[in-house]
Amino acid sequence: MDTKIVKIDENAIDHEAIKAAGDVIKKGGLVAFPTETVYGLGGNALDPGASRKIYEAKGRPSDNPLIVHIYRMEDLYEVAADVSNDAIKLADKFWPGPLTMIFNKKAIVPGETTGGLDTVAVRMPDNSIASEFIKASGGFVAAPSANLSGRPSPTSAAHVIEDMDGRIDMIIDGGSSVIGLESTIVDMTGDVPMILRPGYISGEMVKDVLFKVDYDPAVFGDVTEGLRPKAPGMKYRHYAPKGELMIIKGDRDLVVRYIQERITGGLEQGKRVGIIATDETAGYYRDATLLKSVGAREDEESIARHLYAVLRECDDSDIDLIFSEDFDTPRIGQAIMNRLIKAAGHNIVNV
Ligand code: AMP
Ligand code: MG
């Protein structure tokens with residue numbers, strides 16, 4: 001399939017191009033588009049055939065449901081039943097934005113879109129290209145992240161092209177994602193909102209609005225046998241680079257010293273060694289094949305924004321062994337570490 005790549009400027013939206021993208025969706029095709037979190041792989045959420053195509057293009061297991069993207073509040077009631085006052089409060093506060101809420105689904109949403117579940121995940125993204133595109137597509141765009149299943153989520157059109165060129169109809173290039181991590185997922189079907197996947201919006205921020213919040217154990221990386229994450233996607237290996245990734249935790253000096261020893265040891269064995277560091281420490285490492293900083297330790301937004309691109313760069317440079325510092329920062333740290341720990345397959349060393 002020939003994939004059309006269209007550049008759109010968020011500050012000067014080309015409405016012809018948006019209309020063409022919307023037409024692709026209306027005809028049952030697939031379009032990757034930018035959002036503030038990561039790039040999404042969109043299809044008509046109300047068309048079971050389009051959802052099946054999304055799973056096929058990503059190589060995604062079909063029990064892993066898609067998020068339905070809307071562009072205006074009233075459309076929530078078309079796809080979601082039993083929308084509580086709490087949900088409306090969260091929508092008022094955080095939509096458009098990086099928050100996905102789970103509701104009981106209405107019959108109009110096909111089981112193909114929800115991975116067979118009776119619930120539906122809904123989000124209103126905060127990116128004007130995304131909103132215009134959803135509007136031009138008929139209002140309901142099912143979209144998981146636009147990566148091949150298992151790879152790090154794409155935060156630029158170049159990443160999408162790497163994974164999806166030839167597999168989908170169109171890619172909208174709208175520049176780099178501002179946030180760089182997938183949305184927070186919160187289940188609104190119970191009395192207490194439950195965080196199923198951490199993200200830019202923390203559990204504390206949800207609690208500030210509703211005075212209550214619970215966490216699915218999977219959020220903390222609990223992989224106890226038989227404990228099934230409520231967000232089906234959380235059970236799959238994810239975000240993973242091709243090389244072996246290890247996270248090193250502890251006192252900064254000890255971490256730097258340990259990683260330096262591992263660089264030397266890896267190189268002696270003929271391995272290509274990559275390091276994921278911060279601005280504060282990057283200058284201390286010697287001889288790594290690839291040395292990347294995700295930004296200043298205090299700037300957690302920078303760490304979130306650069307993490308996936310750095311993991312992909314490790315793949316581009318055929319890195320065999322990757323050593324990463326940990327990034328347990330105050331607010332988004334839980335989300336950053338949730339992704340990094342998954343990418344590392346729980347391979348963590350405490351020094
Ligand atoms: P992605 O956009 O690629 O991060 O994938 C969507 C995520 O939303 C996956 O982790 C899904 O498991 C999760 N998700 C979507 N719908 C539901 C739902 N109805 N209940 C729980 N989790 C969901
Ligand atoms: Mg994904």
Side-chain angles (χ1 to χ4, degrees), residues 30 32-43 45 51 54-70 76 79-83 87 98-106 109-125 127 130 140-155 159-160 163-164 168 177 179-190 193-201 214-219 221 228-240 304 307-308 311-312 335 338-339 342-343:
L30 302 186
F33 63 102
T35 81
E36 80 280 28
T37 58
V38 301
Y39 271 73
L41 174 53
S51 290
I54 292 177
Y55 289 107
E56 198 180 302
K58 275 181 69 86
R60 179 175 177 125
S62 61
D63 69 341
N64 188 359
L66 313 175
I67 294 173
V68 177
H69 292 69
I70 58 174
L76 172 62
V79 290
D82 313 315
V83 176
L99 182 78
T100 296
M101 289 192 273
I102 309 284
F103 302 96
N104 291 323
K105 83 172 185 72
K106 284 205 168 154
V109 186
E112 282 78 357
T113 299
T114 64
L117 297 177
D118 295 330
T119 52
V120 61
V122 188
R123 181 167 103 82
M124 192 192 295
N127 173 296
F140 304 94
V141 173
S145 49
N147 51 287
L148 285 173
S149 193
R151 292 210 75 199
S153 295
T155 53
H159 297 162
V160 181
D163 285 13
M164 291 296 157
I168 60 176
S177 308
I179 291 181
L181 286 183
E182 303 83 352
S183 59
T184 305
I185 301 181
V186 53
D187 182 356
M188 301 305 294
T189 61
M194 183 183 276
I195 307 287
L196 306 187
R197 176 174 74 183
Y200 184 84
I201 291 171
D214 266 344
Y215 296 87
D216 187 57
V219 167
R228 218 181 130 79
K230 285 191 72 185
M234 298 278 283
K235 72 174 181 272
Y236 294 105
R237 180 144 191 254
H238 243 134
Y239 324 116
L307 183 65
Y308 288 147
L311 290 174
R312 279 180 180 260
N338 171 275
R339 308 303 194 276
K342 263 182 178 295

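In listed order, ligands and their atoms are each counted from 1. In this text, all values refer to a predicted model and were calculated from it rather than measured experimentally. Both backbone and side-chain heavy atoms feed into the values below; hydrogens, waters and symmetry mates do not. Numbers here are sequence positions counted from 1.
Distance check: Leu76 CG to Phe103 CZ gives 4.5 Å after rounding to the nearest 0.5 Å. Taking OG1 of Thr119 as the start and CG of Asp187 as the end, the distance is 7.0 Å to the nearest 0.5 Å. Of the inter-residue distances, the one linking Asn64 atom CG with Ile54 atom CD1 reads 12.0 Å to the nearest 0.5 angstrom. Remark: Arg123 CZ to Thr35 OG1 distance equals 4.5 Å, nearest 0.5 Å.
Within the protein, the N, O or S atoms lying under 2.8 Å from the Mg ion (ligand 2) are Ser145 OG.
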Does Val79 form a side chain to side chain contact (heavy atoms under 4.5 Å, CB included) with Lys106? I'd like the steps, not just the answer. CA-CA 5 Å; Val79 290; Lys106 284 205 168 154; 5.6 Å; no
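With a 6.0 Å radius and a threshold of 12 heavy atoms from other residues, nucleotides or ligands, Asn104 has its CG atom above the threshold.
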Tabulation required: pairs of a nitrogen or oxygen in ligand 1 and a protein nitrogen or oxygen under 3.5 Å; columns are atom names and distance to 0.1 Å; otherwise 'none'.
from     : atom 1 : to     : atom 2 : distance (Å)
ligand 1 : 2 (O)  : Ser145 : N      : 3.4
ligand 1 : 3 (O)  : Arg60  : NH1    : 3.1
ligand 1 : 3 (O)  : Ser145 : N      : 3.0
ligand 1 : 3 (O)  : Ser145 : OG     : 3.0
ligand 1 : 4 (O)  : Arg197 : NH1    : 2.6
ligand 1 : 5 (O)  : Arg60  : NH2    : 2.9
ligand 1 : 12 (O) : Asn64  : OD1    : 3.0
ligand 1 : 12 (O) : Pro232 : N      : 3.3
ligand 1 : 12 (O) : Gly233 : N      : 2.7
ligand 1 : 19 (N) : Thr119 : O      : 3.4
ligand 1 : 19 (N) : Thr119 : OG1    : 2.9

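Pro34 has its side chain out of reach of Ser177: every pair of non-hydrogen atoms, C-beta onward, lies at least 4.5 Å apart.
Closest approach of Ile195 to Val219, counting heavy atoms only: O-CG2, 3.3 Å.
Within the 3.5 Å criterion, the main-chain N or O of Pro65 finds a donor-acceptor partner in the side chain of Arg60.
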